[in-house]
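Below you'll find the structure, written out as structure tokens, and then a few comments.
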Amino acid sequence: MVLGSRRDGGKVCSPRNIKRFRSATGVSAAPSTSPPTNSNVQVFIRVRPLNGREREKNDRSIIDVVDSTSLIFDPKESDVPFFYHGVKQKLRDPTKRANKNLPLTFDRVFDQYADNNEVYEHTTKDVIKTLFEGYNCSVFSYGATGAGKTYTMLGNDENKGIMYLTMVALYAELEKLREDHDITLVVGYIEVYNEVVHDLLNPESKQLHLLERNGDVVISGMKVIEINSEDELFERLVEGNKQRTQHPTDANAESSRSHAIFQVFVKLAPKGTDQFKHFKLSMIDLAGSERASATQNVKARFNEGSNINKSLLALGNVINALADNQRHIPYRDSKLTRILKDSLGGNCKTIMIANVSPAQIAYEDTYNTLKYADRAKKIKSKLQKNIVSMNCNPLQYKKMNDDLKRELSLLKAQNQKLQSQIANERPPSSSCKCKPLVQIKEWKDKLNKVFGEKESITKEILLLESQKQILQWRIKCKHFDLERVSKLENGIESSGKGRTKLESSLAQLEGRVVGVMDAISQAETKLKTNSLAIKDLVKELKKNNLYNSLSVDIRNLELTLRNNDLEQRYAHGEKLSRLQSSRQEVWEQQLTKTSNMIMKYFLLLKGFNKVTNEMEMEYKNFWKEMKAVTWDDDDVNMEQASNNNFILRPIQLFSSDSAQSSPELPTLVVNQPPAPGPGDPVSTSSNPLRPINSSNLDGTFTMPNNLKLPSPPRSMKKKPMNNWKQRVGLASSRKTPLRDMLQPNVKYGLNKENKPLPSAKMLPPSRTPRGANFKSVTAHLPTPGKTVERKPCVDLNSTYELGV
Ligand SMILES: Nc1ncnc2c1ncn2[C@@H]1O[C@H](COP(=O)(O)OP(=O)(O)OP(=O)(O)O)[C@@H](O)[C@H]1O
């Protein structure tokens, strides 16, 4: 079959084929018949041309590239008549294996005629844009040994690879920004060989270690160098590549026996500001995967081959776990997956180029690579969905906190500006000729006093409000706990101690809420009195024609109030978010345990043939639900999210008199919450920008009547609520679904005892040397079979530590 031709169009999607592929790959969905859409992970297939040896053997092509996004693996061969005892048979030759005739679709499929430029145009060209938007990006080439990974990534003098082409485009973009930005670009190049990390730019150095910092993996001691031109870059790439461990294999005379990771770190700082943006581009040339049967290696190579396969198997498991949206992603299983942690999951755009050979002899390798690629296609971007909902989403809190932080810094800047304005104010003789300085000072003191009072009262109210919200949240959690404990006690002998303890701590918490609410209402009365005092003072100032002279001071005092208000809200958000995170952690552990238990008992019952159809159905539905744990308010935008029970309600901080009376002041635009109207949700963030100078502010503190509070679980609702419980606000709520991940305990490529399946066995590569790759590289290659020796490095001054 010839590449690029399309045959048997109507039959390729036969249900039989689809079923076979599903069982072979473990892919639960049907093989893609439409191209994968918008995702953080894009998967491309590159089919290399048959090489001389394959052409000599007259190998048939096992890949039919149908169009730019689809291919057929092992296409059906045209019918060669099959004769038995001289009679033409209707059936196919039983001695020949039936063709898989498997259709697959990817983001793009490149046939043997595509050069590196074409691959670049459709793969990494768009990456540049994504990088400048502030995302990290990763490109990695995957495939069996000799499939064309290094050719794609590095290329040669005539046909430079996508690493180089991408970097040239990156330089061009940076050049456009050079005039008004300070730019730093550094690169690092490492390899992972036999589970040891080496620095390819500093071959003398000893092995590098991986460290975890705040959940990120950091390569300690990696040397990074500044690059100033494209040519210098290509030289560095080739130089680094020379240091890579290479040995000949059956399929490639210069097989790279290590995973090479080239990283580019860019820092962009607009001139004259102290802000900067940074991003990272990682380009990874993986070592070739190899089949057990394809290699006949000496002992020395065996270890190497098994390490390559082990890390690629770990990579496969990570891809599977991400594709299945599992909560636990086994990044820690190998150095490679640890380094690639933020290149596969998380906030990173990933491009995978799977390289395959179309030759019949590479049948298994090509099939395995396509399986990998098809799985990788299923990794979608919304990885954060793997979090169990507790009614309030900590991520939303984080965003709200960030908004508040921004608002706060804006206000602080405005405040500072106003303060300097006051300091630079001309003496009263010019602005207020008739008022002596002493008199002004007296009024200023009066203002400071009433605003000082207001500040401490609002502080107190917000503190109490924060306490109340946290107590209410804890009450809600306790109700859930109580409901569960009560249910679990059914059917077992229990002293009921657990329930009693929970009930008493619930009563205690509810009592505390009542106390806090009393304190709030007292503080509110004080605030009302204070607001009246401010109003009176402002009136007097106006009467004495002093208001204009002191308007800047009033404004400044108001802004100080606003600063404090925001600071407290921010602290509240953070505290609640911390509490929720720790509760969530406990929950996740509990849910994992519960799911495992359910699975155990289900299997036990099944073993005894006691599972009814209904139970089986229920279990399957449960399992399905557990597979895709999502926030139940995932798609709610922040506006809606702020309609949430645990946000501090707004306090009116400014008097209308003061707000409308200083027209000469610059209008301060902040993200201020609007005063809640009747029936409006209580909201403190994500409102459209609006000026603080609003004439509807009357300086009074009003208790919103729409503060929604959580309800008790169903069992509690049955009980009549007494007065204080109603005040605590246990009125209505939504149910939080009990979900957890429950995945069948089957890992890709592993049997039940967690041992590699026969197809994943490792055997070392062959010793047969074959033709050279790149002129520039081969001139400096180590002797085949000889590993590059590394000496310990003493000069650590020139090394940096950067996040992977
Ligand atoms: N698209 C292509 N066009 C022309 N030649 C190619 C192409 N892809 C690969 N080759 C040639 O095939 C041979 C093997 O390619 P390459 O070294 O890139 O394989 P590899 O996947 O990196 O192998 P390994 O994992 O063993 O290092 C090289 O000689 C290379 O020049």
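Both counts, for ligands and for their atoms, begin at 1 and track the order of listing.
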Would you check whether [X] has a nitrogen or oxygen atom less than 3.5 angstrom from a nitrogen or oxygen atom of ligand 1?
X	answer
Pro49	no
Gly288	yes
Gly148	yes
Ala287	no
Asp285	no
Thr150	yes

For this session: Please check if the side chain of Thr366 supplies one atom and the backbone of Ser357 the other of a donor-acceptor pair under 3.5 Å.
Result: yes
Exercise. Under 4.0 Å from any heavy atom of Ala144, which atoms of ligand 1 are there?
Worked result: 21 (O)
For this session: Mark up the atoms of ligand 1 that fall under 4.0 Å of a heavy atom belonging to Arg48, in ascending order.
Result: 7 (C), 8 (N), 9 (C)
Exercise. How close do Met222 and Ile190 get, heavy atom to heavy atom, and via which atoms?
Worked result: SD-CG2, 3.7 Å
Exercise. Which pair of heavy atoms, one from Glu226 and one from Leu185, lies closest together, and at what distance?
Worked result: CG-O, 3.2 Å
For this session: May I ask you to check whether Phe44 and Tyr142 place their ring centres under 6.0 Å from each other?
Result: no
Exercise. Do we see a donor-acceptor contact under 3.5 Å between the side chains of Asn159 and Tyr151?
Worked result: yes
Exercise. Going from CG on Asp126 to CD on Gln42, what distance comes out if it is rounded to the nearest 0.5 angstrom?
Worked result: 7.5 Å
Seminar exercise, completed: Rounded to the nearest 0.5 angstrom, the SG-NZ distance for Cys137 and Lys129 is 11.5 Å
Problem set entry | ligand 1 contact by Ala114, heavy-atom criterion under 4.0 angstrom | no
Exercise. Hey, does Gly143 sit under 4.0 Å from ligand 1 if you only count heavy atoms?
Worked result: no
For this session: Evaluate the ring planes of Tyr189 and Phe262, with Trp represented by its six-membered ring, and classify them as parallel (under 30°), tilted (30 to 60°) or perpendicular (over 60°).
Result: perpendicular
Seminar exercise, completed: Checking heavy-atom distances from atom 4 (C) of ligand 1 to each of Tyr113, Tyr151, Phe110, the winner is Tyr151
Problem set entry | Closest to atom 21 (O) of ligand 1 (judged by heavy-atom distance), picking from Lys149, Arg46, His259 | Lys149
